[in-house]
Asks: 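Can you keep this structure in mind? I'll have questions shortly.
Proteins come first, then strands; the chains are lettered A, B, ... in the order of their sequence lines, and each starts at number 1. Being a predicted model, the structure only gives us computed values, none of them experimental.
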Amino acid sequence: MRGETAEERAGLTRRAVHAGSGKDTVTCDAWLWASAAVASGYVSCLKLISLVGMEALWTASARELREWGLRTRTALALVAHRDSFNSDAVTKQLTNTSVHFIPPSHRSFPSPLKDLADPPAGLYLKGELGLWDDAMGMARVTIVGTRAASRYGFRVAGALGRSFATVGCVVVSGLARGIDAAAHRGALEVGGLTVAVLGTGPDVVYPRQHASLYREVEQRGVLVSEYPPGTSAAKWHFPARNRLMAALGDAVVVVEAGQRSGALLTADEALTLGRDVFAVPGPINSPASRGGNALAADGARIVYDVEQCVKEYEALTRIERSGRAVKTPCAKAERRGGPAGVLERLVVQALSCGPRSVDEVAQAVGCAPREVAAALALLELDGLVGREGVGVYVLSP
Amino acid sequence: MSEAAERIGLRSVLLPVESLLEGSAAAPELVVGVRGLAEAVAACRDQSLLGRLRLRGQRWLSRKSAHASCSKSQPDFSDVAGQGAAKRALEIAAAGGHHLLMVGPPGVGKTMLARRVPGIMPPLDSQEALEVTRIWSAAGLLNGMQGLLAERPFRCPHHTASTVALVGGGSPPRPGEVTLAHRGVLFLDEFPEFARDALEALREPLEDGHVLITRRSGSLSFPARFSLIAAMNPCPCGYAGHPSIACTCSPGQAERYRRHISGPLLDRVDMMLELPAQTVEGFLTIDDGIEGTSLSIRQRVMSACSFRAAREADPKATTMERANLGKKHPRVLEAQAGLTPRATLLVRRFLQHDGAGGRSHGRLVSLSRTIADLDLSMAVDEQHVAEAAGLHLKDRASWLR
């Protein structure tokens, strides 16, 4: 349901630049309308704003819009959209859904977003405004990856989320399934601050399965979106959301990304903005790691250890430990001892060569499958071993 | 003679080992085989020796009868290459009558394994054979066969089966597949493809071992004490978590597929068996040995069953019948199952780790008990609990998330 075509957007630059730039002395209403128009599919508004300014757009006639490069139909529709816009209704909705609106002129609007070629026409926040200001004053890292994450991906994303939050860094991600959720949970686990950038209105829980995670982020972090409350998910929202994630982080860490993953778009955007990109390498035969490995091959910083990644990031951005108190992590890994019995040690040894099924381990160890199955259950209980795929066991990273 | 002994209430009948088979025909629980008078005298003085001798005789008898009844028409487990862990799990399921769900990519042998389960279950005893024959005759399925049915039923309804076809009903009410599978195996291939209503209707028979059908003319109770073996792929395309083939399902699609099986239903399934994809060189090089034939598995299952029968004859022990599990306090259940203190602790740790509910506790204990029975062990130790937990707990399967 986009209101305009791709050629139209491409044609804008040339013509609109002659229109000159007006000074931004516009009201909040104008920004509210512009972001509503973007959510309705008039994405070129953003480019027009950066070219001619909000004031000009807010008062432009259909003829002017056409001169700036919009098609007649789009220009007329946009003007109609503006005329029918009821700011009172929107303000009421904001109060009802307890969502804050931050126009670009607001002091809480993050300056990193202004690096973008098409910065959002405003941000809708769910959560405490104070936490948002805190988050924008702290170092931030964006953790992204595939929705169809493997167990390895889950573990690494969780560990990165925890480690970054522990050193007082805000974890930015997209509340999607897989890597995003693991990163948010990791940060929350150690009491860190996390920001979820949504591709829907900030009051819409998407995907629905993440209702409890949504609530937790709402209470202990911030949910942010460039779309007004009530906007439901649309395919084109997510690439647009990725550019915000890229801009908000001082660096982007790609944990697991398939060949055509949206995480790669985020990484590209980050490179355009001059942010650092880290890639977590994975098995070369795993489809979920192909994109991440390709990034590493193209010269992204390689994450070979979670702590190394955090240190390198700290060195790059020289973050000062912020004043926010961060609880010490429960550090399950540190409490873990080695495996107990002889058979357990043998099983761990067999698994160190790669993922194995019960039968394969049994053959390698020379024991009956039943004994190996019992040993694996105990190792799983101790968190030393996990399952990857159907009936295949791996050592926990 | 042993029949008369049973009638007047004697607890044991000592027989020379040579006459054991003959004597066992009438009262198999009473007979104790002895080698010579000296052993007979010793057995009379020492209760524990008597018990050991009884067990020895029963193991011998079960081997004998397994040989006699291992039917030639049943497919054999030795046809299945590799999958040692799966065979072991099916052995446990057969010994304890546990319901089992198999998950694996297409072509790993789920159907092949399921077909072989009736062949490793103990043969029908005369009482059970009578029950099964009665049901089959009422359903008009005997086709002129004479005498009692000797083999355990194996029913595999297609996934398009209606609720009535599955659990029974109609007017006048007729037994459904769950009843026809009484004392045998009900195999549901492509489990999530069944209609949701049909699957939910299985909850009652899975738990209680019978179906109650109520119509205007009155209600009827059909027996349905079957072992459920269900099979499914991890996702609609079948290749989620496959080491070399990429899954083509969207996360939402795969989740909807798994959601088709409700939590309460999954809760009633005792074991979940994950069958990993096997490489060709992998399963061609595996040497299965004599352990993997249906005959030897059946022997182990039968000695486990007679061991359990002997154990439950003790008034302090309890039956691990699934209908009883929910009626007991967890600690009472643990004590009666014979869990060692360390094993009890391990059960707690496993359940805590997985955030499992109360039903899970009973299931885990009864599964551990079955594994101990297969070891002919009175006590349930940590090894038994660990193996049971690996098969029981479903939350850890990465593809289920």
Asks: Under 4.5 Å heavy-atom distance to chain B, tell me which part of Arg370(A) shows up: side chain, backbone, both or neither.
Replies: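 For Arg370(A), heavy atoms of backbone and side chain both lie under 4.5 Å from chain B.
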Asks: Checking Glu371(A) against chain B: side chain, backbone, both or neither under 4.5 Å from a heavy atom?
Replies: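 Contact with chain B: backbone and side chain both.
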Asks: Is atom CD of Gln253(B) surrounded by more than 12 heavy atoms (other residues, nucleotides or ligands) closer than 6.0 Å?
Replies: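 Check passes, neighbour count above 12.
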Asks: Does atom CZ of Arg290(A) have more than 12 heavy-atom neighbours from other groups under 6.0 Å away?
Replies: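 Yes, because the 6.0 Å sphere around CZ of Arg290(A) holds more than 12 heavy atoms from other groups.
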Asks: Less than 4.5 Å to any heavy atom of chain A: does that hold for the side chain of Arg349(B), its backbone, both, or neither?
Replies: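 Contact with chain A: backbone and side chain both.
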Asks: Just give me the residue among Pro369(A), Pro207(A), Ala374(A) that pairs up with chain B most often, heavy atom to heavy atom, under 4.5 Å.
Replies: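 Result: the option with the highest number of such pairs is Ala374(A).
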Asks: When you look at CZ of Arg196(B), are more than 12 heavy atoms from neighbouring residues, nucleotides or ligands closer to it than 6.0 Å?
Replies: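 Counting other residues, nucleotides and ligands, CZ of Arg196(B) exceeds 12 neighbours.
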Asks: Whether Arg185(A) and Glu189(A) form a salt bridge (side-chain N of Lys/Arg under 4.0 Å from carboxylate O of Asp/Glu) is what I want to check.
Replies: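 So Glu189(A) does not pair with Arg185(A) through a salt bridge.
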